[in-house]
Amino acid sequence: MIIDEQHRFGVAQRARLWQKNLDPPHILVMTATPIPRTLAMTLYGDLDVSVIDELPPGRVPIKTMHFTDSERNKVFGFIRNQIAQKRQIYIVYPLIKESETMDYKDLEDGWDTISRIFPAPKYCISIVHGKMTPANKEMSMKLFKDGVAHILIATTVIEVGVDIPNATVMVIESAGTIRTLSVTPVKRTCWQEAADQSYCILMSSDKLSREAAKRIEVMIRTNDGFEIAETDLQLRGPGDIEGTLQSGIPFDLKIADLGKDGQLIEYVRHIAEEIIDLDPLLESNQNLIFRSETETAFQSKAIVEQYKLKI
């Protein structure tokens with residue numbers, strides 16, 4: 001079973017696939033950036049990892065830049081210059097409509113601003129988001145693919161399958177959020193097919209939290225999806241490896257840090273595998289302490305889970 005764009009699927013969704021058969025299948029998951037839970041699973045020994053860390057031949061590395069709201073005019077000027085050079089632009093928003101709970105930029109407000117800055121008929125703007133009908137989405141994408149639309153305003157629905165070599169700029173709004181850190185590398189690796197220099201512009205508010213600044217810093221510094229995932233892991237936590245949470249701090253880790261102690265944990269994992277291969281039930285005298293501690297840990301976790309269900 002092959003699961004592409006793994007970060008787009010929930011734990012339960014993936015589990016339903018491999019529970020369809022009495023004999024679980026071999027599983028290959030693919031993604032430009034692993035979610036924290038997946039990175040943690042590689043350390044626990046539940047996943048083996050292969051990394052493709054080279055660009056296709058002739059591909060120029062994408063330049064990633066950061067601008068704040070007070071610098072928007074600079075970004076708009078850059079977009080005008082790119083359009084004058086017959087290039088096309090993506091502008092990506094995390095939300096369709098304004099949210100009362102999240103201080104993110106939204107597509108509807110963005111459309112009002114962009115259409116004023118780049119007015120018709122000189123400029124043509126397309127929109128794509130998840131609530132549009134398939135026919136309308138296809139029509140908007142066709143305008144962009146055919147070069148009629150200069151700018152495509154979209155949500156993250158366009159992160160997969162975009163192969164328009166003429167589009168050399170992607171502006172990502174509300175950069176520095178958890179959502180942005182997890183999907184930005186996917187966009188950067190999937191959308192840029194041109195041999196020419198392309199640009200990823202991260203937009204944020206003028207005031208950034210320490211975590212948001214860290215997210216932006218790592219996205220500017222590297223295109224390495226695993227390095228970004230490690231940062232994501234440190235900021236969000238790996239979640240519950242045996243449950244469905246894909247982020248958050250696990251109940252059973254007291255000292256180890258999956259983000260910082262990856263090499264050490266992987267080394268210990270290999271030792272554990274050797275022990276299990278020689279003594280699967282941990283029955284030898286030298287492994288009795290391991291067995292006792294393991295049983296205690298699982299018993300404690302079961303008690304906690306029962307308590308959670310009661311409340």
Side-chain angles (χ1 to χ4, degrees), residues 5 7-8 32 59-60 62-65 67 69 71-99 102 104-175 177 179-180 182-204:
E5 303 299 342
H7 65 286
R8 293 177 65 88
R59 186 76 63 86
V60 180
I62 297 168
K63 287 186 179 179
T64 302
M65 302 174 288
F67 292 91
D69 287 337
E71 300 173 300
R72 282 189 179 274
N73 286 335
K74 294 181 182 178
V75 176
F76 293 149
F78 181 73
I79 290 174
R80 285 193 190 93
N81 288 335
Q82 288 291 304
I83 293 176
Q85 296 175 38
K86 308 300 182 183
R87 300 304 186 188
Q88 292 169 278
I89 317 296
Y90 296 102
I91 302 180
V92 183
Y93 292 86
L95 301 174
I96 299 175
K97 297 182 178 181
E98 183 179 6
S99 170
M102 294 181 290
Y104 295 169
K105 298 291 184 181
D106 64 278
L107 182 146
E108 290 186 349
D109 183 61
W111 159 256
D112 290 337
T113 300
I114 299 301
S115 58
R116 287 198 308 270
I117 301 297
F118 299 93
K122 184 176 181 180
Y123 299 98
C124 178
I125 303 172
S126 284
I127 292 182
V128 172
H129 60 75
K131 292 188 177 180
M132 294 171 62
T133 64
N136 287 339
K137 259 193 288 192
E138 185 175 344
M139 185 184 304
S140 291
M141 282 302 303
K142 189 175 188 306
L143 286 174
F144 197 63
K145 286 181 178 180
D146 292 346
V148 177
H150 302 96
I151 299 173
L152 177 65
I153 297 177
T155 56
T156 55
V157 296
I158 56 96
E159 73 184 47
V160 178
V162 177
D163 54 353
I164 303 173
N166 194 49
T168 56
V169 179
M170 177 174 283
V171 179
I172 299 178
E173 292 285 356
S174 297
T177 64
R179 182 178 303 188
T180 305
S182 62
V183 301
T184 294
V186 182
K187 297 187 189 74
R188 287 196 302 196
T189 52
C190 289
W191 67 273
Q192 198 270 320
E193 300 289 340
D196 297 328
Q197 181 64 64
S198 293
Y199 305 88
C200 178
I201 298 176
L202 307 176
M203 297 297 303
S204 75

task = Would you indicate whether the side-chain heavy atoms of Ile201 and Met170 approach each other to under 4.5 Å?
result = no

ask   = By side-chain hydrogen bond (donor to acceptor under 3.5 Å, both in side chains), which residues pair with Asp109, not counting sequence neighbours?
value = none

key: Point-to-point distance, once rounded to the nearest 0.5 Å, from NZ of Lys105 to CG of Leu95   = 12.0 Å

key: Under the side-chain contact (heavy atoms from CB on, under 4.5 Å) test, residues paired with Asp146 that sit two or more places apart   = Lys142, Val148

key: Which residues share a side-chain contact (heavy atoms from CB on, under 4.5 Å) with Glu108, sequence neighbours left out   = Ile96, Lys97, Asp106

message = Nearest 0.5 angstrom please: Cys124 SG to Leu152 CG, how far?
response = 10.5 Å

Spacing of NZ belonging to Lys137 relative to NE2 belonging to His129, to within rounding of 0.5 Å = 9.0 Å

query = With sequence neighbours excluded, what pairs up with Met139 under the side-chain contact (heavy atoms from CB on, under 4.5 Å) test?
reply = none

ask   = Stepwise, does the side-chain contact (heavy atoms from CB on, under 4.5 Å) test hold for Val171 with Met203?
value = CA-CA 7 Å; Val171 179; Met203 297 297 303; 3.6 Å; yes

ask   = Between atom CD1 of Ile151 and atom CD1 of Ile89, what is the distance when rounded to the nearest 0.5 Å?
value = 6.5 Å

ask   = Can you name the closest pair of heavy atoms from Gln88 and Ala149 and give their distance?
value = NE2-O, 2.9 Å

remark   = Between Ile125 and Ile114, the two heavy atoms sitting closest are CD1-CG2, 3.7 Å

query = If you round to the nearest 0.5 Å, how far is CD1 of Ile153 from CZ of Phe118?
reply = 9.5 Å

task = For residues Tyr123 and Ile117, determine if any side-chain heavy atom of one lies less than 4.5 Å from a side-chain heavy atom of the other.
result = no

Donor-acceptor list for residues 71-84 side chains, cut-off 3.5 Å, not counting sequence neighbours:
unit_1 : atom_1 : unit_2 : atom_2 : d
Glu71  : OE1    : Thr68  : N      : 2.9
Glu71  : OE1    : Thr68  : OG1    : 3.3
Arg72  : NE     : Asp69  : OD1    : 3.3
Arg72  : NH1    : Glu173 : OE2    : 2.8
Arg72  : NH2    : Asp69  : OD1    : 3.1
Arg72  : NH2    : Glu173 : OE1    : 2.7
Arg72  : NH2    : Glu173 : OE2    : 3.3
Asn81  : ND2    : Gly77  : O      : 3.4
Gln82  : OE1    : Thr168 : OG1    : 3.0

key: Rounded distance [0.5 Å steps], CZ in Phe144 versus CD1 in Ile127   = 13.0 Å

query = Do you know which two heavy atoms are closest between Ile172 and Cys200, and how far apart they sit?
reply = CD1-SG, 3.8 Å

query = Considering residues at least two apart in sequence or located in another chain, which fulfil the side-chain contact (heavy atoms from CB on, under 4.5 Å) criterion with Ser140?
reply = Ser126, Val128, Met132

